[in-house]
Q: 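One structure follows; several queries about it will come next.
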2 protein chains.
Amino acid sequence: MRFHSPAIQYFHAVRRTGSIRAAARVLNVASSAVSRQILKLEQEIGSPLFERTARGLTLTTVGEMLARHVMNVLQDLDRFRSDVQSLSGTWHGTVTIACIESLTESVLPDLIASHRGRARRVNFTTEVKGSSDVLEALSRGEADIGIAMALRHPPDLRQVALKRFRLGAVVAREHPLARRKTVTLTQCLAFPVIHALPELSIYHLLQPLIAQLSETPEPAIQANSIDLMRELAARGVGVAFQTQLGIGRLSRDGQLVFLPLDNAGSPVWSDLGIYVRAERTLPAYTESFLQELVRELGERERRENAAHPQVA
Amino acid sequence: MRFHSPAIQYFHAVRRTGSIRAAARVLNVASSAVSRQILKLEQEIGSPLFERTARGLTLTTVGEMLARHVMNVLQDLDRFRSDVQSLSGTWHGTVTIACIESLTESVLPDLIASHRGRARRVNFTTEVKGSSDVLEALSRGEADIGIAMALRHPPDLRQVALKRFRLGAVVAREHPLARRKTVTLTQCLAFPVIHALPELSIYHLLQPLIAQLSETPEPAIQANSIDLMRELAARGVGVAFQTQLGIGRLSRDGQLVFLPLDNAGSPVWSDLGIYVRAERTLPAYTESFLQELVRELGERERRENAAHPQVA
DNA sequence: CAGGTTGATGCCGTTTCGGCAACAGCTATA
DNA sequence: TATAGCTGTTGCCGAAACGGCATCAACCTG
């Protein structure tokens with residue numbers, strides 16, 4: 001089902017690989033064929049699409065415009081294919097997800113497992129990245145669904161849903177703080193803290209609050225892995241900071257305690273956004289998973305806010 | 001700039017014309033070429049796209065899915081073209097508008113004239129239809145912007161704006177009713193009325209109200225042309241019903257008087273919707289005109305509701 | 001039944017496409 | 001500084017796709 005002109009697909013491959021010869025290898029054709037299709041496109045449009053550097057090609061402004069069009073075409077082709085297949089009963093395709101690390105502990109594995117229980121032939125590709133990288137991958141068409149901290153998102157993305165979770169301190173069961181209902185930042189800083197590095201978005205949530213304090217002690221440990229931070233906290237090394245999303249299993253086992261953070265009497269929120277390319281209609285199987293994702297995150301938001309009612 | 005495979009464009013032409021030979025004439029190619037491209041498409045997709053009847057082709061379900069995809073591709077190609085052109089300064093292209101008749105007296109001519117004053121190379125095609133035909137033309141990709149009574153719109157359309165205007169009686173200056181501020185339906189029915197035929201949406205706004213009345217006199221005149229109804233009212237033949245949008249010039253000249261209609265103490269609203277295909281990003285010049293249209297209709301809505309404040 | 005459609009097909013020239021090999025330009029490495 | 005490895009481009013040529021013409025069977029309309 002490849003009824004679009006080769007030029008479109010070759011262009012797409014060249015844009016992704018950044019090189020004509022690399023694209024040719026991926027496409028299993030000679031590099032000359034790829035080169036000629038690109039040259040033909042540039043002639044028909046009347047403007048160069050790439051800047052030729054010594055080690056590859058970079059998109060020009062016009063090239064980026066064409067890239068957007070080609071992405072729209074190819075993604076809509078996927079949707080068409082899925083529409084045709086869903087007519088004959090079975091779904092199959094691949095859902096590509098780009099998300100931040102806090103989802104990998106429980107939300108995503110639960111959802112994917114349950115979804116594959118029902119739709120066996122829908123495959124998943126998941127890539128964990130930082131929030132801004134998630135949005136970028138989505139813009140470049142390298143992912144279908146993105147989950148990231150709700151930053152200002154570029155106009156070519158659409159925010160499908162916005163869920164807010166309380167940021168809290170995470171400590172081991174035996175930790176002196178563990179018996180409290182909520183904690184303040186000052187109370188936490190009396191103990192060794194496990195702080196996130198700037199590449200994690202928790203850093204940007206906490207940094208402004210810490211900066212307001214009079215004294216800012218050195219963090220005992222800094223890390224860029226939520227998994228590592230969680231396991232360290234479980235071993236009593238110190239106080240980590242997370243939303244409850246990221247510590248599901250250890251919390252259920254009773255090893256970790258989640259203490260909602262209070263800052264000057266009000267909760268600290270971590271906004272999680274679900275994103276999709278705006279100029280796009282999703283394939284049926286992707287849309288279906290997206291709906292479940294939104295529902296599940298909404299459910300967790302509701303449950304957690306009920307478990308930790310807001311301090312008025 | 002025709003870098004999409006001929007199959008796409010041939011399919012599009014066949015869908016529009018409903019016949020292979022007719023499509024071939026439009027495309028200036030032999031009918032055999034068109035026939036073969038369609039057959040090739042059907043073979044690659046693995047399902048017939050058309051049902052062959054004695055006098056032409058009709059889309060199958062799969063065909064309609066492909067039609068949707070092809071429409072998305074070709075409309076997005078238009079947008080890409082406009083993006084490239086706007087890079088080199090000048091805009092040119094054609095904005096196709098499908099709208100109901102009430103816009104033709106003043107709103108559309110004013111807007112188009114003023115827009116062409118600024119963007120000389122943007123052309124317009126305007127087609128006047130009934131409300132449901134407007135939506136249908138939009139769905140079929142035969143228009144870029146649709147203006148119609150705000151009915152329930154199909155999911156493939158997006159309602160860009162919704163403006164409400166008061167429905168009123170329209171009478172000549174010398175008419176006995178002309179000195180009133182507002183009128184009720186019963187007051188109007190004491191005089192000869194010029195009623196809309198069912199193909200106009202005013203009919204469907206008024207009919208339920210008339211049906212509630214105890215006595216429903218024969219309408220003096222029935223017509224399907226707003227222009228005709230307006231001119232008849234101006235000649236004192238009877239009472240017509242319209243929003244003020246449709247009687248701009250004659251109202252300014254003082255020949256016609258607009259009397260907001262009261263029904264059981266509350267106004268009768270006529271909702272006007274502005275529509276666009278949902279799965280589509282408009283070319284820059286179309287988007288620009290759309291913005292002006294929304295602004296202008298909002299402005300008129302504001303002015304008219306200020307001129308005829310709602311009876312509490 | 002005849003005269004007009006309709007879409008499909010076999011034949012054939014033209015165009016386009018793709019593979020191979022060679023080329024020039026650049027970078028990194030020895 | 002020379003060399004090896006990469007880049008994209010270009011002639012040449014065979015293969016595949018495309019399009020035009022004439023023809024066919026099936027159908028509707030007089």
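Protein chains get the first letters and strands the later ones, always in sequence-line order, with residue 1 at the start of each.
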Q: Which residue lies toward the 5' end of DNA chain C, A:Ala30 or B:Ser31, if each is placed at its nearest nucleotide?
A: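 Result: B:Ser31.
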Q: For the pair B:His69 and A:Phe80, name the ring-plane relationship: parallel under 30°, tilted 30 to 60°, perpendicular over 60°.
A: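 The arrangement is parallel - the two ring planes meet at less than 30°.
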Q: Report yes if at least one side-chain N or O of B:Tyr10 is closer than 4.0 Å to OP1 or OP2 of D:dC18; otherwise report no.
A: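 Checking B:Tyr10 against D:dC18: no side-chain N or O falls below 4.0 Å of OP1 or OP2.
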Q: Check this for me: does the side-chain of A:Arg52 come within 3.5 Å of the base of C:dG25 through a donor and an acceptor?
A: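 It does not, because no donor-acceptor pair links the side chain of A:Arg52 to the base of C:dG25 below 3.5 Å.
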Q: Counting only distance, no hydrogens or angles, is the base of C:dG7 paired donor-acceptor with the side chain of B:Arg36 under 3.5 Å?
A: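 There is none.
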Q: Output the rounded distance in Å from CZ (A:Phe11) to P (D:dG8).
A: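 A:Phe11 atom CZ is separated from D:dG8 atom P by 14 Å.
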Q: So, B:Glu127 and B:Arg140, do they make that salt bridge, N to O below 4.0 Å?
A: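 No salt bridge links B:Glu127 with B:Arg140.
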Q: Of the options C:dT6, C:dA8, D:dT7, whose atoms approach the side-chain atoms of B:Ser35 most closely?
A: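 For B:Ser35, the side-chain atoms sit closest to C:dA8.
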Q: Check step by step if side-chain contact (heavy atoms from CB on, under 4.5 Å) holds for A:Met65 and B:Leu87.
A: CA-CA 10 Å; A:Met65 290 170 169; B:Leu87 208 65; 3.8 Å; yes
Q: Please work out if A:Phe50 contacts a base, only the sugar-phosphate, or nothing of the nucleic acid, heavy-atom cut-off 4.0 Å.
A: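 The answer is nothing, as A:Phe50 stays clear of every strand by at least 4.0 Å.
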Q: Please write out the pairs of protein N or O atoms and N or O atoms of nucleotides 28-30 of chain D separated by less than 3.5 Å, giving the distance to one decimal.
A:
from: D:dC28; atom 1: O3'; to: B:Arg55; atom 2: NH2; distance (Å): 2.5
from: D:dT29; atom 1: OP1; to: B:Arg55; atom 2: NH2; distance (Å): 2.8

Q: Give one of base, sugar-phosphate or nothing for A:Thr53, where a contact means two heavy atoms less than 4.0 Å apart.
A: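 Contact class for A:Thr53: none.
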Q: When the distance from CD of B:Glu42 to P of C:dT9 is rounded to whole Å, what number comes out?
A: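 Rounded to the whole Å, the gap is 11 Å.
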Q: Can you tell me how far C1' of C:dA24 sits from CD1 of A:Ile20, to the nearest Å?
A: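 Distance check: A:Ile20 CD1 to C:dA24 C1' gives 15 Å.
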Q: Compare all side-chain heavy atoms of B:Val134 with those of B:Ile147 and state whether any distance is below 4.5 angstrom.
A: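 They are not in side-chain contact.
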Q: Taking for each residue the nucleotide of DNA chain D bearing the nearest heavy atom, is the 5' side occupied by B:Pro6 or by A:Arg21?
A: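 It is A:Arg21 whose nearest nucleotide is closer to the 5' end.
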Q: Could you check how far CG of B:Leu27 sits from P of D:dG20, rounded to whole Å?
A: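 Taking CG of B:Leu27 and P of D:dG20, I get 10 Å after rounding.
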Q: For the residue pair B:Thr286 and B:Asp144, confirm or rule out a side-chain donor-acceptor distance under 3.5 Å.
A: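 No, B:Asp144 and B:Thr286 have no side-chain donor paired with an acceptor closer than 3.5 Å.
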Q: Going from CD on A:Glu44 to NZ on A:Lys40, what distance comes out if it is rounded to the nearest 0.5 angstrom?
A: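 Answer for the CD-NZ pair, A:Glu44 versus A:Lys40, is 5.5 Å.
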Q: Measure from the side-chain heavy atoms of B:Lys40 and tell me the nearest of C:dG18, D:dG19, D:dC18.
A: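 Of the candidates, D:dC18 comes closest.
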Q: B:Leu57 has a side chain; which of D:dG20, C:dG7, C:dA21 sits nearest to it?
A: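 The answer is C:dG7, which lies nearest to the side chain.
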Q: Step through the shown structure and confirm whether more than 12 heavy atoms of other residues, nucleotides or ligands are within 6.0 Å of CZ on B:Arg52.
A: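 Yes - once you tally the heavy atoms of other residues, nucleotides and ligands closer than 6.0 Å, there are more than 12.
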Q: Quick one: is C:dT16 close enough that its OP1 or OP2 comes under 4.0 Å of any side-chain N or O from A:Gln37?
A: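 Answer is no, no contact under 4.0 Å.
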Q: Mind calculating the distance between CZ (A:Phe3) and P (D:dC18) to the nearest angstrom?
A: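 To the nearest whole Å, that distance equals 14 Å.
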Q: Determine the interplanar angle of the B:Phe11 and B:Phe50 rings, folded into 0 to 90°, and report it as parallel if under 30°, tilted if 30 to 60°, perpendicular if over 60°.
A: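 It falls in the tilted class, 30° to 60°.
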Q: A:Ile38 near the nucleic acid: base, sugar-phosphate alone, or nothing, with a heavy-atom cut-off under 4.0 Å?
A: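 It contacts nothing in the nucleic acid.
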Q: Taking the minimum atom-to-atom distance to the side chain of A:Ser19, which one of D:dT7, C:dA21, C:dT9 wins?
A: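 Shortest atom-to-atom distance from the side chain points to D:dT7.
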Q: Between atom CG in A:Leu39 and atom C1' in C:dC17, what is the gap in whole Å?
A: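 Rounding to the nearest Å, CG of A:Leu39 and C1' of C:dC17 are 14 Å apart.
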